[in-house]
Trainee: 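This structure is in structure tokens; I'll ask about it shortly.
All residue numbers in this chain count up from 1 along the given sequence. No experiment lies behind these values; they were computed from the predicted model shown.
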Amino acid sequence: MAIFKILFKWIVLPIIGLLVVISLGLVVTGNAYIFRGIQLTYFKGETTANIDDYKDFDNRIISTKDPIEWDKDINFGNISLTPALQNALDTDQTVAFAIIKDGKLLYENYWQGYSGDSHTNSFSMAKTVTTMLYLKAVEDGYISSIDEPITKLLPEYADSEYAQNCTLADLSAMTSGYDWTEDYYFPVNPTAKSYYGNDLVKHITSRPFVEQCGGQFDYSSGDTQLLGIALSRALEAHGYTISSYLEEKFWQPLGMKGDAYWSLDGSQNIEKVYCCLNASALDFAKFGQLLLNGGEWQGEQLLSKAHVDFMITPNAAAFTKGQAQIYGHSVWTDMDSPIPFYSMLGHLGQRVLVLPEENAIIVRLGKQKGLPTPVEGFHLEPDLGQYVTEVKAILDSLADLDDSSELSSE
């Protein structure tokens with residue numbers, strides 16, 4: 001018993017005291033969100049945010065209406081993936097993979113208990129949707145222009161020297177000069193605080209601009225969330241939330257298969273627009289198809305072609321001479337690669353890849369980023385080159401079969 005008392009006095013009590021001091025320090029410094037982060041990651045066997053997190057957050061529901069199923073390609077159900085692609089999907093914790101060709105579903109498969117009805121986190125693919133929404137708000141007259149100064153909708157920066165000339169387009173291009181550190185793994189950083197914290201508006205608008213806008217591309221979830229705050233304020237005057245605006249302008253017109261859930265912060269009830277739009281794989285695919293169609297869907301122009309071109313065209317001014325131009329406005333671009341494509345990309349390997357020359361879309365969702373061998377000539381994350389290359393091989397083989405069939409019929 002004496003030994004236990006000694007251990008308690010000299011080991012247990014100091015540990016408890018240290019934990020109390022650390023906890024108080026986190027609260028005092030505004031980092032209490034770390035407790036929630038630990039609860040939703042390490043206590044669940046994860047090391048970072050995961051694709052099912054929406055179940056632990058408050059969400060706004062984006063309701064579907066009159067769902068439109070994807071037409072199926074004549075070859076649907078008869079497609080064999082290449083060995084390299086099959087191996088990648090089997091080993092990199094993929095949960096969904098689909099190929100759309102000429103507007104028709106060519107291939108679809110799911111893993112690890114997920115299905116076509118499963119909702120998973122978009123992560124940063126939501127950035128593309130957010131920019132679609134602010135451009136639609138420009139078309140509807142709720143925002144005057146893509147060049148509107150951010151200070152009009154973000155008066156918190158009225159006295160900021162660097163923010164004075166910053167526009168909404170600088171935010172969607174990520175050339176704002178806003179102070180941000182992009183990291184989903186290290187717990188004490190603005191990205192983690194945005195994800196697990198409560199007052200997202202206060203957190204985001206309390207961070208400064210530290211450089212002149214319009215310079216080099218610097219990837220920043222903070223830029224997109226600032227854009228979301230501005231958009232939310234512009235829409236509020238017309239009776240919309242970001243989610244209800246998405247529902248009316250895109251979700252229902254696209255005939256999405258299911259409802260979506262956009263995760264909220266805990267205080268201001270604003271959508272975490274830099275991430276956290278939760279939907280199914282084939283519903284995410286429709287955003288890719290909308291971009292590929294130049295904003296048109298079944299005869300209706302949901303977003304102007306000029307605004308789609310604005311999004312998918314590399315923002316050359318944000319890159320130095322000789323540097324790969326990998327970003328437009330909330331769309332990743334690799335148009336100089338052997339197989340040109342642009343994409344919506346998200347943490348843990350969420351992908352909607354658009355191949356304009358093939359009139360095709362690839363969707364990949366998963367629990368970690370794919371780790372295939374990089375393919376020469378591609379400039380973005382290494383898995384993308386392999387996905388694109390292997391799918392191109394599948395499409396080429398189908399084209400060869402079609403050519404053979406035509407010759408035989410003659």
Trainee: Would Ser221 and Lys127 count as a side chain to side chain contact (heavy atoms under 4.5 Å, CB included) if you check the C-alpha gap in whole Å, the side-chain angles of each, and the deciding distance to 0.1 Å?
Mentor: CA-CA 8 Å; Ser221 288; Lys127 291 179 169 69; 2.9 Å; yes
Trainee: How about Gln350 and Ser122: does a side-chain donor come under 3.5 Å of a side-chain acceptor?
Mentor: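 No.
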Trainee: Do the side-chain N and O atoms of Ser118 and Tyr110 include a donor-acceptor pair separated by under 3.5 angstrom?
Mentor: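 Distance-only check fails for Ser118 and Tyr110.
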Trainee: In terms of side-chain geometry, is the basic nitrogen of Asp179 or Arg207 positioned less than 4.0 Å from the acidic oxygen of its partner?
Mentor: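 Arg207 and Asp179: salt-bridged.
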Trainee: When you check the side-chain N and O atoms of His203 and Ser194, is any donor under 3.5 Å from an acceptor?
Mentor: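 The answer is yes; a qualifying pair exists.
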Trainee: Classify the side-chain pair Ser243/Glu271 by whether it contains a donor and acceptor separated by less than 3.5 Å.
Mentor: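 A donor-acceptor contact under 3.5 Å links the two side chains.
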Trainee: Between Lys72 and Glu108, does any NZ, NE, NH1 or NH2 come within less than 4.0 Å of an OD or OE carboxylate oxygen?
Mentor: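 No, no charged N to carboxylate O under 4.0 Å.
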Trainee: Measure the spacing between OG1 of Thr94 and CD of Gln86 and express it to the nearest 0.5 Å.
Mentor: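 The CD atom of Gln86 is 10.0 Å from OG1 of Thr94, to the nearest 0.5 Å.
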Trainee: For Asn75 and Asn78, test the side chains for any donor-to-acceptor distance below 3.5 angstrom and give the result as yes or no.
Mentor: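 Short answer, no.
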Trainee: Classify the ring geometry between Tyr245 and Tyr142 as parallel (under 30°), tilted (30 to 60°) or perpendicular (over 60°).
Mentor: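 Rings of Tyr245 and Tyr142: tilted, 30 to 60°.
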Trainee: Pairing donors with acceptors under 3.5 angstrom, does anything connect the side chains of Thr64 and Asp259?
Mentor: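 On atom types as modelled, these side chains do not qualify, holding no pair under 3.5 Å.
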Trainee: Do Asp170 and Tyr178 have side-chain N/O donor and acceptor atoms under 3.5 Å apart?
Mentor: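 Looking only at side-chain atoms, Tyr178 and Asp170 do not form any donor-acceptor pair under 3.5 Å.
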Trainee: If you look at every heavy atom in Leu227 and Ser172, which pair is closest and at what distance?
Mentor: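 Residues Leu227 and Ser172, closest heavy atoms: CD2-CB, 4.2 Å.
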Trainee: Output yes when a side-chain donor or acceptor of Asp334 lies under 3.5 Å from a complementary backbone atom of Phe341, and no otherwise.
Mentor: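 Not at all, since once roles are kept as given, no pair shorter than 3.5 Å links the two residues.
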Trainee: Test the Lys101-Tyr107 pair against the cation-pi criterion, namely NZ or CZ under 6.0 angstrom from the six-membered ring centroid and within 45° of the ring axis.
Mentor: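 Not flagged: Lys101 not positioned over aromatic ring of Tyr107.
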Trainee: Less than 3.5 Å apart, any donor N or O on the side chain of Asp223 or Ser176 sitting next to an acceptor on the other?
Mentor: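 Yes - a donor-acceptor pair under 3.5 Å links their side chains.
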Trainee: Could you tell me whether Lys272 sits above the aromatic face of Tyr195, with NZ or CZ closer than 6.0 angstrom to the six-membered ring centre and within 45 degrees of the axis?
Mentor: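 The answer is yes; both the distance and angle limits are met.
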Trainee: Could you pull out all residues at least two apart from Tyr157 that satisfy ring-ring contact (aromatic ring centres under 6.0 Å, His included)?
Mentor: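 Partners of Tyr157 by the ring-ring contact (aromatic ring centres under 6.0 Å, His included) criterion, ordered by chain and then number, come out as Phe209.
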Trainee: Do other residues, nucleotides or ligands put more than 12 heavy atoms under 6.0 Å from the CD atom of Gln301?
Mentor: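 It does: Gln301 CD has more than 12 such atoms within range.
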Trainee: Check Glu139 with Lys136, please: is the shortest side-chain N to carboxylate O separation under 4.0 Å?
Mentor: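 Yes, Lys136 and Glu139 are salt-bridged.
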Trainee: Just checking, any donor-acceptor pair under 3.5 angstrom between side chains of Asp102 and Asn359?
Mentor: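 Looking only at side-chain atoms, Asn359 and Asp102 do form a donor-acceptor pair, the distance falling under 3.5 Å.
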Trainee: Calculate, to the nearest 0.5 Å, the distance between atoms OG and CD1 belonging to Ser337 and Ile326 respectively.
Mentor: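 Those atoms lie 12.5 Å apart.
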Trainee: Indicate yes or no: does Asp383 engage Arg364 in a salt bridge with an N to O separation below 4.0 Å.
Mentor: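 Not counted as a salt bridge, because no side-chain N and carboxylate O are separated by less than 4.0 Å.
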Trainee: Quick check on salt bridge (Lys or Arg N to Asp or Glu O under 4.0 Å): which of Asp283, Asp117, Asp66 does Lys257 satisfy it with?
Mentor: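 Single salt bridge (Lys or Arg N to Asp or Glu O under 4.0 Å) partner of Lys257 among Asp283, Asp117, Asp66: Asp117.
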Trainee: When rounded to the nearest 0.5 angstrom, what distance separates CG in Leu398 from CD1 in Ile79?
Mentor: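 One gets 4.0 Å once the value is rounded to the nearest 0.5 Å.
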Trainee: Ignoring hydrogens and geometry, is there a side-chain-to-backbone donor-acceptor pair from Asn293 to Trp297 under 3.5 Å?
Mentor: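 No; judged by distance alone, with no hydrogens or angles, the pair does not exist.
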Trainee: Ignoring hydrogens and angles, state whether a donor on the side chain of Tyr196 or Asp56 is under 3.5 Å from an acceptor on the partner side chain.
Mentor: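 No - no donor-acceptor pair under 3.5 Å links their side chains.
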Trainee: Could you check whether Ser244 and Thr241, counting side-chain N and O atoms only, form a donor-acceptor pair closer than 3.5 Å?
Mentor: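 Result is yes, a qualifying pair exists.
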Trainee: Output all residues satisfying ring-ring contact (aromatic ring centres under 6.0 Å, His included) with His307, sequence neighbours left out; order by chain, then residue number.
Mentor: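 For His307, no residue satisfies ring-ring contact (aromatic ring centres under 6.0 Å, His included) once neighbours in sequence are set aside.
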